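A single structure is presented below for examination.
This structure is a prediction, so every number in the text was calculated from the model and none was measured. Basis for what follows: all heavy atoms, side chains included, without hydrogens, waters or symmetry-related copies. Count residues from 1 along the sequence.
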Amino acid sequence: TARYLKRQRKLVRRALSMLDEYVHDEDELDLTDDATTQTSSETEQQEEDAPRKSLHTRRLEHVRALLLSLPEHDTVLDMGCGEGKMIGLLLEQEEVKHIIGVDVAPFVLERAHKRLAVANLPPRVRDRLTLEQGSLLYSSERLREAKVDVALLIEVIEHLEQEHLDVAMHTMLGH
């Protein structure tokens, strides 16, 4: 967005705020009354002072909120977990009893292991986490037996070839 708008910060902020409103449901929008509305200059100053969360971070936080609103979310499978950003958010939620992070690339799982500082996690937190290599293109006996409540597939589909989509969806939804 910043590059497209030639780094004009005011336009970038406006575009991102419009996108943010578009992405969220009406129920989640801040519908304050006119008495509490700030002037545009006050709002702009606050926006400049506050650190901006990336769209990716906001998306992950939104997914976490949706996940926690589900009646069953004890065991969560994050297919294509990458470096473990979503896993880090879920580890903060004690009500999520087990998190399984799966990625196709072993070196990415190693980065997730380091990023999450798994070796330094308290045992009760570390015991809730499983990181393993796997793929959407083949079924895993361990994952079938895991009795997963919620399966996440965040920012993964765009990395799959068109001819692999049917297999990936069958693996994800059929097993």
* Could you go step by step and tell me if His98 and Val76 meet the side chain to side chain contact (heavy atoms under 4.5 Å, CB included) rule? -> CA-CA 6 Å; His98 190 204; Val76 177; over 6 Å; no
* Enclosure of Glu158 CD (heavy-atom neighbours >12, cutoff 6.0 Å) ->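 For Glu158, atom CD is crowded (more than 12 foreign heavy atoms under 6.0 Å).
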* Asked: At what distance, to the nearest 0.5 angstrom, does NZ of Lys85 lie from CZ of Arg115?
  ->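 Lys85 NZ to Arg115 CZ: 6.0 Å, rounded to 0.5 Å.
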* Verify same cluster id: Leu173, Leu137 (apolar side-chain graph, 4.5 Å) ->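 Different hydrophobic clusters.
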* Should Val156 and Met169 be counted in the same cluster of Ile, Leu, Val, Met, Phe, Trp and Tyr side chains packed under 4.5 Å apart? ->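 In one cluster: yes.
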* To do: Spell out, as yes or no, whether a donor-acceptor pair under 3.5 Å connects the side chain of Glu83 to the backbone of Arg111.
  =>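 Between the backbone of Arg111 and the side chain of Glu83 there is no qualifying donor-acceptor contact (under 3.5 Å).
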* N/O donor-acceptor pair under 3.5 Å between Thr75 side chain and Asp149 backbone ->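 Looks like no, no N/O pair under 3.5 Å.
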* Distance from Arg124 atom CZ to Arg128 atom CZ, nearest 0.5 Å? ->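 CZ of Arg128 is found 8.0 Å from CZ of Arg124.
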* Worked check of side chain to side chain contact (heavy atoms under 4.5 Å, CB included) between Leu109 and Cys81 -> CA-CA 8 Å; Leu109 286 172; Cys81 67; 3.8 Å; yes
* Heavy atoms, side chains only, cut-off 4.5 Å: are Val63 and Leu68 in contact? ->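 No, side chains not in contact.
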* **Distance, nearest 0.5 Å, that separates CG of Leu77 from CD of Glu132** =>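 These two atoms lie 8.5 Å from each other.
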* Heavy-atom closest pair, residues Gly82 and Ala112 ->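 The pair with the smallest heavy-atom distance is O-CB, 3.5 Å.
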* To do: Please answer: with hydrophobic residues joined when any side-chain heavy atoms are less than 4.5 Å apart, are Leu67 and Ile154 in the same cluster?
  =>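 Yes, one cluster joins them.
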* Under 6.0 Å from the CZ atom of Arg142, do we count more than 12 heavy atoms belonging to anything else shown? ->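 Atom CZ in Arg142 is not packed in, count stays at 12 or less.
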* Answer yes if the side chains of Gln93 and His73 hold a donor-acceptor pair under 3.5 Å, and no otherwise. =>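 Looking only at side-chain atoms, His73 and Gln93 do not form any donor-acceptor pair under 3.5 Å.
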* **Derivation of the side chain to side chain contact (heavy atoms under 4.5 Å, CB included) call for Leu131 and Leu129** => CA-CA 7 Å; Leu131 292 175; Leu129 176 62; 4.1 Å; yes
* Decide yes or no for Val150 and Leu152: does some side-chain heavy atom of the first lie under 4.5 Å from some side-chain heavy atom of the second? =>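 The answer is yes; the side chains approach within 4.5 Å.
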* Asked: According to a 4.5 Å side-chain heavy-atom criterion applied to Ile, Leu, Val, Met, Phe, Trp and Tyr, with indirect links allowed, do Ile100 and Met86 form part of one hydrophobic cluster?
  ->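 No; tracing contacts between hydrophobic side chains, which count when under 4.5 Å, never links both residues.
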* Walk me through it: do Ile99 and Leu91 pass the test side chain to side chain contact (heavy atoms under 4.5 Å, CB included)? => CA-CA 8 Å; Ile99 305 158; Leu91 284 173; 3.6 Å; yes
* Asked: Transitively linked via ILVMFWY side-chain contacts under 4.5 Å: Met79 with Leu160?
  ->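 Met79 clusters together with Leu160.
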* Quick check: does any side chain N or O of Asp78 sit under 3.5 Å from a backbone N or O of Gly101, one acting as donor and the other as acceptor? ->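 The answer is no, because no donor-acceptor pair under 3.5 Å joins these two groups.
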* Asked: Which distance, rounded to the nearest 0.5 Å, do you find between the CG of Leu60 and the CG of Leu89?
  ->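 Answer rounded to 0.5 Å: 6.0 Å.
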* Asked: Going by an N to O cut-off under 4.0 Å, is there a salt bridge joining Glu92 and Arg64?
  ->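 Here Glu92 pairs with Arg64 in a salt bridge, since their nearest N and O are under 4.0 Å apart.
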* To do: Any chance you could measure Arg126, atom CZ, to Thr130, atom OG1, to the nearest 0.5 Å?
  =>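 Interatomic distance, Arg126 CZ to Thr130 OG1, rounded to 0.5 Å: 12.5 Å.
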* **Neighbour count above 12 (heavy atom, 6.0 Å) for Glu94 CD** =>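 At most 12 heavy atoms, drawn from other residues, nucleotides or ligands, come within 6.0 Å of this atom.
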* Quick one: pull up NE2 in His159 and CG in Leu136 and give me the separation to the nearest 0.5 Å. =>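 One gets 11.5 Å once the value is rounded to the nearest 0.5 Å.
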* Asked: Can you name the closest pair of heavy atoms from Ser135 and Val104 and give their distance?
  ->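 In terms of heavy atoms, the two residues are closest at CB-CG2, 4.1 Å.
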* **Glu61 and Lys53 ion-paired at < 4.0 Å** =>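 Salt bridge flag = yes for Lys53 with Glu61.
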